Amino acid sequence: MTIQPVIVIEKLSKRYRGSQQLALDSLSLSVYPGEVYGFLGPNGAGKSTTIRLLMNFLQPTTGSARILGLDCVKDSVALKRSVGYLSGDFAVYPKMTGLEYLCYLDELQGGGNLKYAKSLAKSFKADLNKKLGELSRGNRQKVGLIQALMHKPKILILDEPTSGLDPLMQELFYAIIADAKSNGVAVFVSSHVLSEVQKMCDRVGIIRGGTLVTEQVMADLAKEAAQTFDITFATEAPVKVLKKIKGLQVQMHEANHVVIHMHGRLQLLFRVLADYDVVKIDSRTIDLEELFMHFYENKGPQK
Amino acid sequence: MKAIIKWSLKQRRHSIFWWSLAAFGLIFINMIFYPTFKDQAAQLQKSFESLPEATLQFIGGSSDFFSPVGFLNSQIYFLMLPLILGVLAIGLGSSLLAREEQDKTIEALLARPNSRTHVLLSKALVGGIILAITTLVSLVTTAITAKMVKLDVSSLRIILATLACFLLVLCFAAIAFMLTSFGRARSASIGIATTFSLGGYIISSLSGTVSWLQTPSKFFPFYYYQPEAILRGTYNWLHVLFFIGVIAVAGVLSWISFRHRDIG
């Protein structure tokens, strides 16, 4: 039996009123049960627009999105029974205590979730008796996470979820997500913290200028990231010759020094290098940040 | 719906208290001076009758200020009560939804299984309840102090005049609420609704002396608010349909706009 995706976005576009440009341009992607999908991109790339379209805070210009088979616009009320959401700039009523806020949201959700909310608060060491306006950003974020998780949703849509959390609480959050994932919960998470993405996500989509630039399985991404060489030649680096090698991309070169990304068979590279006086060759594990910057900054769509 | 109403009222409980106290205090202070005015009614009446017609229109629309009905009309119902309740109404109409949107707290409400209609209706009801509480405090204060100072107007007519005032300010609230549900900023909503209500008051007051203002004045709720006629029992209650019409149209337009627009 084929596993059906629980979040399906099809050619979703959004143009804001008064704007000539599309904030989101024909985005299509799917997220499967038990999968953590990281949604990455620079500021203004369209991450929040996508999330707000999924939550039906924004109306799509064209295209559609479905969660658990329900249309995000037409069935928005029904699908929110199964969705936990945390916004990027989590806003609260400053005069309410954490407990009052959770009670309020629990009543809006239909009730019966307070016990679990309190146990989450205990795990996160969140003080629910303080007024939300008096809490630090990190402590408010804990309340935000609790309200997103308290009704044990089948889908989690999280915008920068660990922002403001200390490392201990971040670890706890990852553990909770791992637990939810093992229970078949699908998580759609936007983040800027690449170590977090690496730790948490199964798959990532990188968006730039409203367009999905690439989608990668984290394991493949790591594999691809390993094929990076930093080469120093005794004389001028033969950049023109190197560029002719199939699967090779020159990332940087200056005089006798070149940094390359190599996809495919390495023997093609070494066969060429054998003809030159190579002083030093380093194969280093590229960090994800460098890889993401490559997608963020200057590369077109690569599928 | 119950949850939004309950928690919104809880959040605004201090504001409800202070507004009710202000309404009580201002009405009480005005009413307790009635015996003093009554004793000098003949002299005061004479001096007021010499005022220009336009001035009279601004302070009650009649030259009768010191009969029981004239006093109640000029001191409470013509200007003061609509002013207190009107400021509250515009404040509520322009903040109930807009503040949630401005502060982004509306996302938490809409992220739960609640339709936008549900949120909109709940917020409108909260506004109606708060206005009703303050109006009720005003009514009770007026009725009791009227008995205390032996102001001879029937309680039923006081109730009806207060009800008409409630409907008038509900129009202002509905207009402000409609503007914020279109996505207008709070400040714009306050500005437009205030211009509409205050402008309506000025135009309706002047229409008695400036003939060309008679037709435009009919487009403003204030024209149909005639507390003196209500207190005398000569009011044409069909005028209330104008208030109900404005509230209904504003309500429907709010719903149509808010149902499908972008939030935030």
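Since the model is a prediction, treat every value here as computed from it, not as a measurement. In what follows, chains are A, B, ... by sequence order, proteins preceding strands, each numbered from 1.
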Rounded to the nearest 0.5 Å, what's the gap from [atom1] on [X] to [atom2] on [Y]? Could you check?
X	Y	atom1	atom2	answer
A:Phe57	B:Glu107	CZ	CD	4.5 Å
A:Glu107	B:Trp7	CD	CH2	6.0 Å
A:Thr49	B:Asp262	OG1	CG	9.5 Å

If I compare all heavy atoms of A:Leu58 with all of B:Arg116, which pair ends up nearest, and what's the gap? N-NH2, 4.5 Å
Quick check: closest heavy atoms across B:Pro113 and A:Val77, and the distance to 0.1 Å? CB-O, 3.4 Å
What residue, out of B:Ala108, B:Ser115, B:Ala3, has the most heavy-atom pairs lying under 4.5 Å from chain A? B:Ala3
Output the option from B:Asp103, B:Leu109, B:Ile106 having the highest count of non-hydrogen pairs under 4.5 Å with chain A. B:Leu109
So what's closer than 4.5 Å to chain B heavy atoms on [X]: side chain, backbone, both or neither?
X	result
A:Tyr101	side chain
A:Arg17	neither
A:Tyr85	side chain

Positive for side-chain contact (heavy atoms from CB on, under 4.5 Å) with B:Arg112, one of A:Lys80, A:Arg81, A:His151: A:His151
Select one option (side chain, backbone, both, neither) describing which atoms of B:Asn114 are under 4.5 Å from chain A's heavy atoms. both
If I measure from the heavy atoms of chain A, does B:Lys2 come under 4.5 Å with its side chain, its backbone, both, or neither? neither
Are side-chain heavy atoms of B:Lys104 and A:Asp89 found at a separation under 4.5 Å? yes
Evaluate the side-chain proximity of A:Leu108 to B:Ile4: yes if any heavy-atom separation is below 4.5 Å, no if none is. yes
With chain B, the option among A:Lys95, A:Met96, A:Glu100 that has the most non-hydrogen atom pairs under 4.5 Å is A:Glu100
Pair A:Gln59-B:Arg259, side-chain donor/acceptor within less than 3.5 Å: no
Using only heavy-atom distances, determine whether the side chains of B:Gln11 and A:Tyr104 contain a donor-acceptor pair under 3.5 Å. no
Do the side chain of A:Arg52 and the main chain of B:Ile263 share a donor and acceptor less than 3.5 angstrom apart? yes
With a 6.0 Å cut-off (strictly less than), is the heavy-atom count around NZ of A:Lys154, excluding the residue itself, greater than 12? no
More than 12 heavy atoms of other residues, nucleotides or ligands under 6.0 Å from CZ of B:Phe219: is that the case? no
